[in-house]
Amino acid sequence: MHASRAEAGNSWRHADGELRTAYALVIRANGETAGGEVDAQVQAQVAAFAKLLRNTAVSAPRQLRAELQAAAITFNRANRSAIRAEHRAADALRQAGRTLLTAPTGKDGDFVAAALASAVFLLIALTEWHAQRGHELQAAAAQQSLVHLRAARQQVARPALAQLAARAPSPQAQNRLAAAVRATIPEHAHRILADPAWPALATALAQAESAGTPTRRALADLSGQRELDTADRPAEILVWRLRNATAERVSQRVRSAATRSARSTHLPPDTGAPAVPVVQPQPADVNRRRPSR
């Protein structure tokens, strides 16, 4: 992978991870009484997400920028105040947003689609959080922003899913993968296999196998995704999560190999020959008696 493309991919993967962390926080806040410390943390996440959303409009592929800019402008009305905006709880999300600005323009549809899918789920959770706390104007603004954000996600996801589906494994292989889904994620299996994105997920699972991750292990790692409970396209969500996880494993292997290679360059070459001790010359004994003639 070209260096600049890898850098852009890493930035979008970083943003995806922090968006998912923020989503988990907001989901927790939605189950608690309003007015506590968690609400202060959520308000900070709102401010950080508003900045990140603006930055995606600069860093995303050109065809997505109009919808992302509209989403950012609309969502900004949901940012009620700057109070608590610098709460430490949102440091990671703020940093992820700044990283998007400094990275090359994202051209890898997988990573952009994954991050935008996570942004959609976070925005849904924030809409509910505002509604629960009586922030009617902010909830409406977040709902309107969601329309634009979903449109951007669909634009980038559609061709990426089509490319994966075109490389779907054989029907026999898909049956084997479907059996693994039923055994590993039984509570979501019917919806996953009925999702139009299932052929793309089958390809992603087969690719993960080729990269060294057994299907059941990959599915077990993904089975705890909170988004599966509410996603209307659960197979698509698993595609992006799995592609990110596979890319991260490959990246870790590359880094480990590079570290080993760097270490080996500092070691003396092993010729396989036994070491020969170096014998230091001994000084002549000037007092030694000369032999008689």
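The analysis underlying the following values was restricted to heavy atoms, covering all of them including side chains, and did not include hydrogens, waters or symmetry mates. Position 1 is the first residue of the sequence; numbering continues from there.
Between the side chains of Gln207 and Arg243, at least one donor-acceptor pair of N or O atoms lies under 3.5 Å. Asp39 and Trp129 form a side-chain donor-acceptor contact under 3.5 Å, judged by distance and modelled atom types alone. No hydrogens or angles considered: a donor-acceptor pair under 3.5 Å links the side chains of Glu128 and Gln132.
Residue Thr203 comes nearest to Ala168 through the heavy atom pair OG1-CA, 3.1 Å, listed as atom of the first residue, atom of the second, then distance. In terms of heavy-atom proximity, Pro234 sits nearest to Ala231 at CD-O, 3.8 Å. Closest of all the heavy-atom pairs between Arg133 and Ala29 is NH2-O, 3.0 Å. Contact detail for Arg65 and Ala57: the closest heavy-atom pair is CG-O, 3.0 Å. Shown here for Gln174 and Ala202, the closest heavy-atom pair between the two residues is CG-CB, 4.1 Å. Shown here for Gln144 and His148, the closest heavy-atom pair between the two residues is O-CD2, 3.5 Å.
Among Leu53, Thr127, Leu149, the one residue that satisfies the side-chain contact (heavy atoms from CB on, under 4.5 Å) test with Phe75 is Leu53.
In the hydrophobic cluster analysis, where Ile, Leu, Val, Met, Phe, Trp and Tyr join through side-chain heavy atoms closer than 4.5 angstrom, Leu122 is grouped together with Leu68. If you chain together hydrophobic residues whose side chains sit under 4.5 Å apart, Val156 and Val239 never meet in one group. Note on Phe121: it clusters hydrophobically with Leu93, by side-chain heavy-atom contacts below 4.5 Å among ILVMFWY residues.
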Could you go through Leu205 and Leu219, starting from their C-alpha distance and side-chain angles, then the distance that decides it, and tell me whether this counts as side-chain contact (heavy atoms from CB on, under 4.5 Å)? CA-CA 9 Å; Leu205 287 168; Leu219 290 169; 4.0 Å; yes

Are Leu146 and Thr74 close enough, and set up right, to give a side-chain contact (heavy atoms from CB on, under 4.5 Å), and what steps lead you there? CA-CA 9 Å; Leu146 187 59; Thr74 306; over 6 Å; no

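Atom CG in Leu193 sits 12.5 Å away from atom NE2 in His188 (nearest 0.5 Å). Between Leu64 atom CG and Leu116 atom CG the span is 6.5 Å, to the nearest 0.5 Å. For the atom pair OG1 (Thr213) and CG (Asp221), the distance works out to 8.0 Å, reported to the nearest 0.5 Å. Here Leu123 contributes atom CG and Gln143 contributes atom CD; the two are 8.0 Å apart, rounded to the nearest 0.5 Å. Taken to the nearest 0.5 Å, the CG atom of Leu228 stands 7.5 Å off from the CZ atom of Arg191. A distance of 10.0 Å separates OG in Ser11 from CG in Leu101, rounded to the nearest 0.5 Å.
Between Leu238 and Asp195, the closest side-chain pair of non-hydrogen atoms is not below 4.5 Å. Residues Val112 and Trp240 are not in side-chain contact: their nearest non-hydrogen atoms beyond the backbone lie 4.5 Å or more apart. Two residues are said to be in side-chain contact when any heavy atoms from C-beta on lie closer than 4.5 Å; Pro199 and Leu164 fail this criterion. Counting heavy atoms from C-beta outward, Asn244 and Trp12 have side chains that stay 4.5 Å or more apart.
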Side-chain donor-acceptor distances from residues 17-28 under 3.5 Å, at least two apart:
| unit_1 | atom_1 | unit_2 | atom_2 | d |
| --- | --- | --- | --- | --- |
| Arg20 | NH2 | Gln225 | OE1 | 3.1 |
| Thr21 | OG1 | Gly17 | O | 3.1 |

Can you list, pair by pair, the side-chain donor-acceptor contacts under 3.5 Å of residues 175-183, counting residues two or more places apart and other chains?
| unit_1 | atom_1 | unit_2 | atom_2 | d |
| --- | --- | --- | --- | --- |
| Asn175 | ND2 | Pro171 | O | 3.3 |
| Arg176 | NH1 | Glu209 | OE2 | 2.9 |
| Arg176 | NH2 | Glu209 | OE1 | 3.3 |

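In terms of the salt bridge (Lys or Arg N to Asp or Glu O under 4.0 Å) criterion, residue partners of Arg241 (sequence neighbours excluded) are, by chain and number, Asp16, Glu227.
Listed for the Asn55 side chain is no donor-acceptor partner under 3.5 Å among the backbone atoms of Leu100. Using a distance-only test at 3.5 Å, with no hydrogens or angles considered, no donor-acceptor pair links the side chain of Ser145 to the main chain of Ala141.
Summarising the local packing, CD of Gln69 is surrounded by 12 or fewer heavy atoms from other residues, nucleotides or ligands at distances under 6.0 Å. The neighbour count for Glu187 CD, taken as heavy atoms of other residues, nucleotides or ligands under 6.0 Å away, is above 12.
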